[in-house]
Amino acid sequence: MGIAGDILLRVEHLTMRFGGLVAVDDLSFDARQGEITALIGPNGAGKTTVFNCITGFYKPSEGRIGLCHGDAAIWSELDALTEGGNRGIKQGSNGLYLLERMPDYLVTQQARVARTFQNIRLFPGMTVLENLLVAQHNSLMLASGYTLLGIFGFPSYRRAEKASIDLARDWLNRVGLIHRADDPAGDLPYGDQRRLEIARAMCTDPVLLCLDEPAAGLNPRESAQLNELLLSIGNDHGISILLIEHDMSVVMEISDHVIVLDYGVKISDGAPEEVRNDPKVIAAYLGVPDDEVEKVEAEVGL
Amino acid sequence: MTIETVNAPTRPRIDVAAALRDAAITTLLAFGLFLPLIGFQTVVNIRNELELNTRWPLLLSLVAAVGIARLAYSFLFAPWLEHLKQRPVSATQSPVLGLLAQWFTPFAIGFAIFYPIIVITLGGYGGALKWVDNFGIQILIYVMLGWGLNIVVGLAGLLDLGYVAFYAVGAYAYALLSKEFGFSFWILLPLAGVMSSFWGIMLGFPVLRLRGDYLAIVTLAFGEIIRIVLINWVDLTNGYAGISGIPRPTFFGIPFNANEDGFAATFGLEFSPIYRTIFLYYLILALAFLTAFVTVRLRRLPVGRAWEALREDEIACRALGINTTNTKLTAFGMGAMFAGFAGSFFAARQGFISPESFTFLESATILAIVVLGGMGCQIGVAIAAIVMMGGTEIMRELEFLKHIFGPSFDPTQYRMLLFGFAMVLIMVVRPRGLISSRTPSVFLKERKAIPHDLVKEGHG
Ligand SMILES: Nc1ncnc2c1ncn2[C@@H]1O[C@H](COP(=O)(O)OP(=O)(O)O)[C@@H](O)[C@H]1O
Ligand SMILES: [Mg+2]
């Protein structure tokens, strides 16, 4: 794990076009180790598209997405890595990955970026516990000797499975779902499903957790619980979070750094306080031209 | 849900006028359809002229039957269906059913093991042969194939319409290698499995990026390609004529024949073909149990959970770092391997194979067994195989129907019609198959069955 404050994720000149539509236009930003970085913007601004590019679900039209494990000194290798054809380099416990070169599953498996979805994607017909075990697939697969040891019930696999169940139990305790462990995930209420999806992403052992509108559809109490959970993930585990959020109260309360997108273009980037008072941001959110901002602000009482 | 709502399902009211109108329309439709098809018949007479005959009584009785059936549906069947729908899920899980479910599997396994002994006791050596062979072995082959396909369709959610291709690869691998090189059954059994599995993976590589209907169509085409290659590569496979004289399996080296060194002579028994049949029965039973055992084990391993997760949501799988291509390939390869085992057993049992045994109809039958049984559920699949294959065999037994319908009546010709009826009936009453709830692979405190409406079917 790197030192808090070092750069963890560096997005440079990211552009994503769908036919004639430019969903993300020349976006650059950094996310830092141990911080909560929020990506905000009106509907259709291109936030989910940025996530899909980072997590390998889309191949960006242009741009570079670097991610660092461990010591930030390894960033000096970035240009050399870009020149060469490799997806990443590892030097001892440090590593540097170019996410735009990796298929989606490797982004999670090797670069250790986990994500959740705007529309919850659980395995509804599997139990809550099974959902968390599927998230530990790669480590368990290794422990089961790619199934060969597992099928004969080798003790080493049994131990690994027990450890994975313990990890799942820990996370269920933390998100308050331990009493639902044996129920199908599809049976949980909406707020619980959101928390389960976060717990499941955490079970993949990520360095960066990307959450796409985790507070959407939550009531104020659940929303407050979520804030607590996200803060504790950052503090207790030193895991950095990249967060898309509509709910301004969540963003302002927990994020260290906010990036604002509008029509795929970055219009503001800074601490929550700065962003909140940026006229461009207010204009984008209220849907008025810049010069009318003050008038509107006065009207809505900002 | 409160008790009141459980106990008071309102009896659906029947709209008599609508039912009558409905029946009238159906009757009219049937009349219009059957008039040209059944009402008129062209016959070539002795002078080689075409004559138009009419069959009014037959036409009228059929049309009347349709009308009455429709009325019966409106008055009896439809209300019953409504009634079924209203009944809450919890009501179906009575303690009796739970107890039955608990004891059914051990009982079924015990019955399968003692089945040959039971039929020999009841019917003697002569009578038992048919029951062990036609019913026992034949059904078990389909149970095994159903369980194998269940891995692909039921667990991984990949619709495979060409499963019989792997069955064919196993059968031909056994037939050719044993005739050519004289390898024994026990060497060729794993070899046939490996070869089928290899072909499963070969097919999988280009195909598995397709999803849903596209995957189904390409696997269907693959099944046909294999069959057509088997027909046309005459040098290797002897084409339509097939391969005969395939060496039969031996009892660990002792052949089942009437010779001095045959099985019966060695063990001091009187020669009878039943010994080989019983041996084959236990062989296929062991193979089927192996399939079930491996599947049950795999479901509790990461690979099996990944299959099911794939069926539930492929995108979520990828977001969790699962290589979905590899996962699909293992499902395909594993399913194909068991088809290969079954295929080599089939070749060894028959002593003769030809491409005729590996038509699309076989794939469809196996798929129907999996779907009717309840995708993903082993017991359901076994029951479906017993009902479908046993039903076919029993139809052969219905000789007495000839006395009713005339000597040219062959009940087996109605097999597909009855399959169709069974399929429609089951899909109406239990849309997710006989046994549709899912058993979790792991639990913390208590294993609770997962109702079928939460479990996904997969999209390719
Ligand atoms: N796969 C796609 N194909 C075409 N257009 C897309 C695709 N994904 C997103 N878009 C478009 O990109 C724009 C940004 O969408 P999105 O990233 O979902 O916005 P946000 O998450 O900020 O609400 C929208 O106009 C959307 O229609
Ligand atoms: Mg979005």
Side-chain angles (χ1 to χ4, degrees), chain A residues 55-57 103-110 112-117 120-131 133-144 146-147 150-153 157 161 164-165 168-169 172 178-179 181-187 197 200-201 203-204 206 210, chain B residues 89 154-155 157 290 293-327 330-331 333-334 375-376 432 436-458:
Chain A
T55 51
F57 278 81
D104 41 29
Y105 72 95
L106 283 186
V107 171
T108 309
Q109 194 181 326
Q110 292 180 356
R112 294 168 62 199
V113 177
R115 74 170 289 178
T116 65
F117 294 88
I120 303 173
R121 283 186 175 274
L122 291 170
F123 305 121
M126 302 175 87
T127 64
V128 169
L129 179 65
E130 282 179 307
N131 268 270
L133 291 187
V134 172
Q136 301 173 55
H137 176 80
N138 288 313
S139 62
L140 280 176
M141 203 66 183
L142 209 63
S144 74
Y146 295 92
T147 306
I151 205 153
F152 297 109
Y157 171 68
E161 190 183 32
S164 69
I165 292 178
R169 189 186 284 130
L172 288 178
I178 190 74
H179 60 293
D182 297 325
D183 290 330
D187 248 1
E197 205 191 12
R200 190 181 66 176
C203 280
T204 64
C210 301
Chain B
V89 184
L155 293 185
L290 177 77
F293 176 76
V294 170
T295 312
V296 167
R297 275 320 268 263
L298 286 178
R299 266 200 69 203
R300 295 184 188 157
L301 288 177
V303 68
R305 283 200 203 104
W307 288 340
E308 292 201 76
L310 200 65
R311 177 193 67 204
E312 296 284 316
D313 193 326
E314 184 176 344
I315 292 186
C317 278
R318 304 211 312 249
L320 296 176
I322 296 174
N323 184 337
T324 49
T325 313
N326 283 357
T327 307
T330 53
M334 194 60 73
M375 293 200 284
R432 298 294 295 266
S436 43
S437 65
R438 177 180 173 271
T439 320
S441 63
V442 61
F443 62 96
L444 222 48
K445 290 197 191 68
E446 169 188 13
R447 196 186 290 281
K448 304 177 192 166
I450 298 177
H452 62 82
D453 47 340
L454 291 172
V455 181
K456 293 268 190 297
E457 287 151 345

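Keep in mind that what you see is a predicted model, and the values were worked out from it rather than measured. In what follows, every chain begins at residue 1, and chains take the letters A, B, ... in the order their sequences are listed. Side chains included, hydrogens not; waters and symmetry mates left out as well; all remaining heavy atoms used.
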Quick one: closest heavy-atom pair of [X] and [Y], and the distance?
X        : Y        : result
B/Arg318 : A/Thr108 : O-OG1, 4.0 Å
A/Met126 : B/Arg438 : CA-NH1, 3.6 Å
B/Ala319 : A/Phe57  : N-CZ, 3.8 Å

Look at [options] and state which one has the largest set of heavy-atom pairs under 4.5 Å with chain B.
options                                : answer
A/Thr55, A/Leu172, A/Leu122, A/Asn138  : A/Asn138
A/Gln136, A/Arg115, A/Arg169, A/Glu197 : A/Arg169
A/Ala181, A/Ala135, A/Ala168, A/Ala201 : A/Ala135

Going by the side chain to side chain donor-acceptor pair (under 3.5 Å) test, name the single residue among A/Asp187, A/Asp183, A/Asp182 that passes it with B/Lys448.
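Exactly one candidate clears the test, A/Asp183.
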Using the side chain to side chain donor-acceptor pair (under 3.5 Å) definition, which of the options B/Thr325, B/Asn323, B/Thr327, B/Thr324 pairs with A/Tyr105?
B/Asn323
Distance from [X] atom [atom1] to [Y] atom [atom2], nearest 0.5 Å?
X        : Y        : atom1 : atom2 : answer
A/Glu130 : B/Glu312 : CD    : CD    : 9.0 Å
B/Leu444 : A/Ile165 : CG    : CD1   : 7.0 Å
A/Met141 : B/Thr330 : CE    : OG1   : 6.5 Å

Given side chains that start at C-beta, do those of [X] and [Y] come closer than 4.5 Å, heavy atoms only?
X        : Y        : answer
B/Ile315 : A/Asp104 : no
B/Ile450 : A/Thr127 : yes
B/Leu320 : A/His137 : no

Heavy-atom contact with chain B under 4.5 Å, split by part of [X]:
X        : answer
A/Gln110 : neither
A/Ile178 : both
A/Leu106 : neither

Which of B/Leu298, B/Val294, B/Val455, B/Leu301 touches chain A most, by non-hydrogen pairs under 4.5 Å:
B/Leu301
Part of B/Arg305 within contact of chain A (heavy atom distance under 4.5 Å):
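Contact with chain A is through both the backbone and side chain of B/Arg305.
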